There are 2 protein chains.
Amino acid sequence: MARTTITDVAREAGVSATTVSLVLNGRNAERFPEATRRRVHDAAAALGYAPNVLARGLRTQRTHTVGLISDRITTTPYAVAMVEAAQDVAREHGRLLFLVGTDGDPAVEADAVRALLAQQVDGIVYAAMWHRPVAPAAPLPAGTVYLDCFPEAGGGPAVVPDDRAGAVAAIRLLVAAGHRRIAYVDIGEDPAPLASGLRHTGYLDVLREAGVTPDPALHVRSATATAADAADAVDGLLALPADRRPTALFCFNDRIAAGAYASARHHGLVIPEDLSVVGYDDQQLIATELDPPLTTVALPHYAMGRWATEVLLGVTPPPDAADGVLRMPCPLVERGSVSPPRAP
Amino acid sequence: MARTTITDVAREAGVSATTVSLVLNGRNAERFPEATRRRVHDAAAALGYAPNVLARGLRTQRTHTVGLISDRITTTPYAVAMVEAAQDVAREHGRLLFLVGTDGDPAVEADAVRALLAQQVDGIVYAAMWHRPVAPAAPLPAGTVYLDCFPEAGGGPAVVPDDRAGAVAAIRLLVAAGHRRIAYVDIGEDPAPLASGLRHTGYLDVLREAGVTPDPALHVRSATATAADAADAVDGLLALPADRRPTALFCFNDRIAAGAYASARHHGLVIPEDLSVVGYDDQQLIATELDPPLTTVALPHYAMGRWATEVLLGVTPPPDAADGVLRMPCPLVERGSVSPPRAP
DNA sequence: TCGGTTTAGTCAAACGGTTTACCGCTCGGC
DNA sequence: GCCGAGCGGTAAACCGTTTGACTAAACCGA
């Protein structure tokens with residue numbers, strides 16, 4: 001199992017290690033006659049030579065590896081697309097990806113950063129599993145790109161979903177369908193996730209732009225993101241008399257939308273005829289499986305993961321926004337849960 | 001940004017690089033007096049010294065990195081727990097994890113293996129996202145551990161879920177509750193996944209052991225794993241007259257179980273009173289969100305991921321089964337979708 | 001014939017650690 | 001006074017590759 005080294009190839013080809021290195025890396029390759037180049041290539045192929053990238057990295061100070069560090073890797077199906085995108089971009093550019101999860105523990109995170117630096121990674125993507133400000137536990141090298149989060153202290157290229165714009169698109173869809181009484185079924189977690197406020201802002205903006213005075217009673221909160229809690233939160237709204245009951249629900253996420261479906265069923269309301277519903281996140285297992293399939297706003301995890309890694313590798317320019325934060329659009333995915341309200 | 005080297009530390013501490021290396025690695029550390037050791041440690045701390053693991057790996061031939069290679073990393077929430085487990089074990093043992101996905105492309109896979117070997121990884125975990133035999137596209141080094149798959153050619157430590165035993169547990173639960181007419185709602189994909197046959201075998205074994213003659217009419221197939229197709233497949237069963245209708249359904253997976261819920265609702269049957277349902281996979285977003293919550297069999301992804309990585313690192317002994325394959329138990333997760341059948 | 005240029009390479013020094021072998025000194029025992 | 005053993009530590013080789021400096025031989029024009 002002794003791996004073959006450049007010296008073995010040199011011996012086999014009857015040249016020096018320098019020549020092998022030069023030829024194989026195509027540096028000044030034209031300095032060598034075709035015959036020599038062939039001999040080197042043939043010898044390398046025959047011996048199955050693959051350069052030891054440790055030795056190379058030691059010499060060149062570039063390892064062609066990148067690190068992806070994140071709080072929870074993948075405990076939810078949520079953000080795996082970000083990891084996948086990072087891995088895809090890395091592969092496309094001949095890089096290898098170190099994956100490390102910190103489980104939200106600052107000590108672990110600090111260790112992870114040290115370990116990655118000791119590995120001489122060419123760069124680090126610092127990812128969060130949900131859109132929020134972060135305060136890294138250990139100093140990150142210059143050039144670190146923030147994914148689905150941004151440094152509390154400001155600066156640094158970063159990419160997050162444009163939650164406000166996503167809500168705007170969702171509410172505009174409902175308004176265009178003719179809805180006026182639109183409820184926002186928010187999440188009641190404390191502290192409120194950043195996305196909660198941003199989506200609320202977008203909701204309010206569109207209502208005002210449509211000349212609708214927002215009714216605070218139509219802003220309800222589900223204690224958690226479980227369908228059961230969400231159903232409880234929605235029950236109150238759907239129990240209202242028909243002329244005060246909302247005709248459409250904008251849900252903080254798809255799980256809450258699933259709860260809304262349950263509540264609607266319980267109240268004998270048919271979606272979308274009696275009640276239109278829009279979700280957020282576009283979680284495959286929920287949005288496509290609900291009946292009718294859920295119209296929702298997709299979080300652009302894959303696109304964000306790609307962008308972050310491409311910026312890290314320098315193949316995409318960093319954002320020119322003053323704060324260095326790119327807000328990635330959240331596409332509206334229209335399925336079957338929105339229709340015009342019933343004529344009164 | 002010039003990283004501090006062992007030489008810097010040596011100069012600061014007034015000793016040679018050799019001494020620093022020996023002291024910091026605790027090798028023969030007792031040969032040096034306490035005072036010297038302190039000086040070295042203090043200097044290292046003051047300078048924030050972290051050894052360059054490339055240089056170390058070059059010399060020691062061990063990199064403390066492992067590679068995890070898999071067909072689809074994470075396209076489904078499915079197997080992310082395997083990745084997470086591998087990452088956890090790696091971290092616990094001071095290793096760093098390379099993650100590479102091949103998207104099922106043999107050329108990409110061969111490249112990935114070469115890249116990992118060039119990185120001098122200490123070992124490789126070869127993972128599949130669903131239980132099946134595999135034929136690696138490039139020769140894998142000795143010691144490679146197979147995760148959720150096993151080499152077609154045989155051999156090699158490998159771990160897969162014990163699908164037969166999982167089905168046995170599920171059907172025993174139903175039989176113990178008093179069910180006799182139990183249907184198996186299989187998946188109709190071609191070729192059939194290995195798990196499909198294994199679970200069927202377990203299903204048949206328990207029926208026979210309970211003295212029930214399996215009724216082939218109760219083995220139906222859903223064209224795909226979507227809830228809609230599953231509902232179609234189940235509709236035929238539930239339309240049967242009450243005395244021939246199954247009182248319980250064993251579903252190939254949770255998505256199919258979700259379809260069964262829809263069909264049951266459509267036929268006015270209440271789960272579990274009129275119809276007991278057991279799923280497979282224990283997908284969080286489905287099993288816990290259904291109403292009532294779904295009793296199901298969990299795939300031990302996390303446990304398998306841990307085991308594979310621990311075997312790779314040599315902290316867990318390889319299986320002594322002749323074929324080198326460990327069949328990991330699939331725990332039965334009892335929720336609310338099973339009850340005794342209605343008295344006839 | 002001779003100096004200069006091109007051709008076709010090679011040498012040796014890094015890169016930053018680990019490891020083997022050895023060294024100078026002191027001290028105790030005989 | 002000599003030997004051997006500990007003590008405290010270092011020098012140098014080595015891991016595999018890249019790279020800047022260098023060179024022997026061939027060629028070439030004057």
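These numbers were taken from a predicted model, which means no experiment stands behind them. Below, chains carry the letters A, B, ... as their sequence lines are ordered, and counting in each starts from 1.
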Is A/N25 near enough to D/dT18 that one of its side-chain N or O atoms lies under 4.0 angstrom from OP1 or OP2?
yes
Looking at B/R91 and B/D88, does any basic side-chain N land under 4.0 Å from a carboxylate oxygen?
yes
Verify the contact: side-chain N or O of A/T60 to OP1 or OP2 of D/dT18, cut-off strictly under 4.0 Å; return yes or no.
no
Are the charged groups of A/D71 and A/R132 less than 4.0 angstrom apart, N to O?
yes
Could you check how far CZ of A/R11 sits from C1' of D/dG16, rounded to whole Å?
13 Å
Looking at D/dG16, C/dG17, D/dG9, which one has an atom nearest to any side-chain atom of B/N52?
C/dG17
Any side-chain N or O of A/S16 under 4.0 Å from OP1/OP2 of C/dT10?
yes
Measure from the side chain of A/Q61, starting at C-beta and using heavy atoms only, and say which of C/dC15, D/dT17, C/dT10 lies closest.
C/dC15
Residues pairing under ring-ring contact (aromatic ring centres under 6.0 Å, His included) where one sits in residues 8-33 of chain A, two or more places apart or in two chains, turn out to be none
Answer yes when B/R11 and B/D8 have at least one side-chain N-carboxylate O distance shorter than 4.0 Å, and no when they do not.
yes
Exercise: do A/T19 and A/S16 side chains pair donor with acceptor under 3.5 Å
yes
Base, sugar-phosphate, or nothing for B/V53, non-hydrogen atoms under 4.0 angstrom?
nothing
Between atom CD1 in B/I6 and atom C1' in C/dT19, what is the gap in whole Å?
12 Å
When all nucleic acid strands are considered with a 4.0 Å heavy-atom cut-off, which category describes A/T19: base, sugar-phosphate, or nothing?
base
From B/D122 atom CG to B/L96 atom CG, the distance as rounded to the nearest 0.5 Å:
11.0 Å
Respond yes when some side-chain nitrogen or oxygen of B/Y49 is under 4.0 Å from OP1 or OP2 of C/dG16, and no when none is.
no
Quick one: A/E34 CD to C/dT7 P, roughly how many Å, whole number?
16 Å
Would B/M328 and B/R306 count as a side-chain contact (heavy atoms from CB on, under 4.5 Å) here? Give the steps.
CA-CA 11 Å; B/M328 184 78 72; B/R306 276 204 83 86; over 6 Å; no
Quick one: is D/dG9 close enough that its OP1 or OP2 comes under 4.0 Å of any side-chain N or O from B/T36?
yes
When you measure from the side-chain N and O atoms of B/R27 to the phosphate of C/dT19, is any distance below 4.0 Å, counting only OP1 and OP2?
yes
Between C/dG16 atom C1' and B/L24 atom CG, what is the distance in whole Å?
14 Å
Closest nucleotide of DNA chain D for B/P33 versus for B/R59: which of these residues is on the 5' side?
B/P33
Nearest whole Å is fine: how far is C/dA14 P from B/L58 CG?
17 Å
Per-nucleotide protein contact along nucleotides 20-27 of chain D, 5' to 3', at a 4.0 Å heavy-atom cut-off (B base, S sugar-phosphate only, - neither), is B-------
Measure from CG on B/D8 to P on C/dC15 and round the result to the nearest Å.
11 Å
